[in-house]
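Worth saying up front: this structure is predicted, and the values here are computed from it rather than measured. Numbers restart at 1 for each chain; the letters A, B, ... are given by sequence-line order, proteins then strands. Just so it is clear, the values below take in all heavy atoms, side chains as well, and ignore hydrogens, waters and symmetry mates.
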Amino acid sequence: MFMKPGTLYVYLIYGMYFCMNVSSRGDGACVLLRALEPLGGLETMRQLRSTYRKGSASRALKDRELCSGPSKLCQALAIDKSFDQRDLTEDKAVWLEHSPPGPREPAVVAAARVGIGNAGEWAQKPLRFYLQGSPWVSVVDRVAEQGTQV
DNA sequence: CGTTGGATGGGCT
DNA sequence: GCCCATCCAACGG
């Protein structure tokens, strides 16, 4: 986390999953990627996701199940510890792009974060952001959406 | 739709 | 030891 903004931070969680973060401006600041909208390579993602599951020969995953969670998207993109500390502005294999302009700016929901319990005052602050109405989000927070400007 | 319990390992105290 | 910004299968309604 204490790296140049735009640097990947990948760590192992719960002994078997990875989480993918991007270092941001400010000492110790970073952003955890909790979900993605899969735009290409869907079948590759489906295959990568399936190999990690228990009954690997079980039902095919729906599109929404490919990247709707921090560790799901790491599986779908084959992100592991080898991607830790890569520079998103220089690396050939992984980078960020702006999304193409849409007809209108989607509303951004600011909600409480997921999965950190009541770990101090910061746990309750609305530091989790997602596009309202997106079907690709990992968790929908109806309460937070009440106060969102559409 | 909801809830519950098990898998699993590195890093820190 | 114990904590981790998790996921999935297996249930019950």
Structure string for DNA chain C in dot-bracket form, Watson-Crick and G-U at under 3.5 Å, | interchain:
||||.|||||||.

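Computed from coordinates, the Lys62(A) NZ to dC7(C) P distance equals 17 Å when rounded to whole Å. When rounded to the nearest whole Å, the span between CZ of Phe18(A) and C1' of dC4(C) equals 14 Å. Atom pair Tyr17(A):OH and dT6(C):P shows a separation of 11 Å (rounding to whole Å applied). For the pair Leu33(A) CG and dT6(C) P, the computed distance is 14 Å after rounding to whole Å. Distance Met20(A) CE to dT6(C) C1': 17 Å, rounded to the nearest Å. Summarising the geometry, the separation between CZ on Arg142(A) and C1' on dG2(B) is reported as 16 Å, rounded to the nearest angstrom.
Here the side chain of Arg49(A) pairs a donor or acceptor atom with the backbone of Glu65(A) at under 3.5 angstrom. Panel note: side chain Asn21(A), backbone Cys30(A); no donor-acceptor pair is recorded below 3.5 Å.
Atom CZ of Arg142(A) and atom CD of Glu145(A) lie 5.0 Å apart (nearest 0.5 Å).
Listed by residue number, the members of residues 4-11 of chain A with any heavy atom below 4.0 angstrom from DNA chain B form an empty set. Remark: nothing in residues 65-81 of chain A comes within less than 4.0 Å of DNA chain B through any heavy atom.
Residues Met45(A) and Cys67(A) meet the side-chain proximity criterion, which asks for heavy atoms closer than 4.5 Å. By the 4.5 Å heavy-atom criterion applied to side chains, Phe83(A) and Val10(A) are counted as neighbours. For the pair Val139(A)/Arg128(A), a side-chain contact is recorded, criterion being any heavy-atom separation below 4.5 Å from C-beta on. A heavy-atom distance below 4.5 Å is found between the side chains of Val108(A) and Leu131(A). Proximity of Tyr130(A) to Asp141(A): side-chain heavy atoms (C-beta onward) are separated by under 4.5 Å at one or more points. Considering only heavy atoms from C-beta on, Val94(A) comes within 4.5 Å of Leu8(A) through its side chain. For the pair Leu33(A) and Leu73(A), the minimum side-chain heavy-atom distance is below 4.5 Å.
Between Asp63(A) and Arg46(A), at least one side-chain N (NZ, or NE/NH1/NH2) sits under 4.0 Å from a carboxylate O, which counts as a salt bridge.
Nearer to the 5' terminus of DNA chain B, by closest-nucleotide assignment, is the contact made by Met16(A) (compared with the other of Leu12(A) and Met16(A)).
A close approach under 4.0 Å does not occur between any side-chain nitrogen or oxygen of Arg49(A) and OP1 or OP2 of dC7(C). Put simply, Tyr14(A) has a side-chain N or O that comes within less than 4.0 Å of OP1 or OP2 on dT6(C).
To the nearest whole angstrom, the two P atoms, one in dT13(B) and one in dA5(C), are 15 Å apart.
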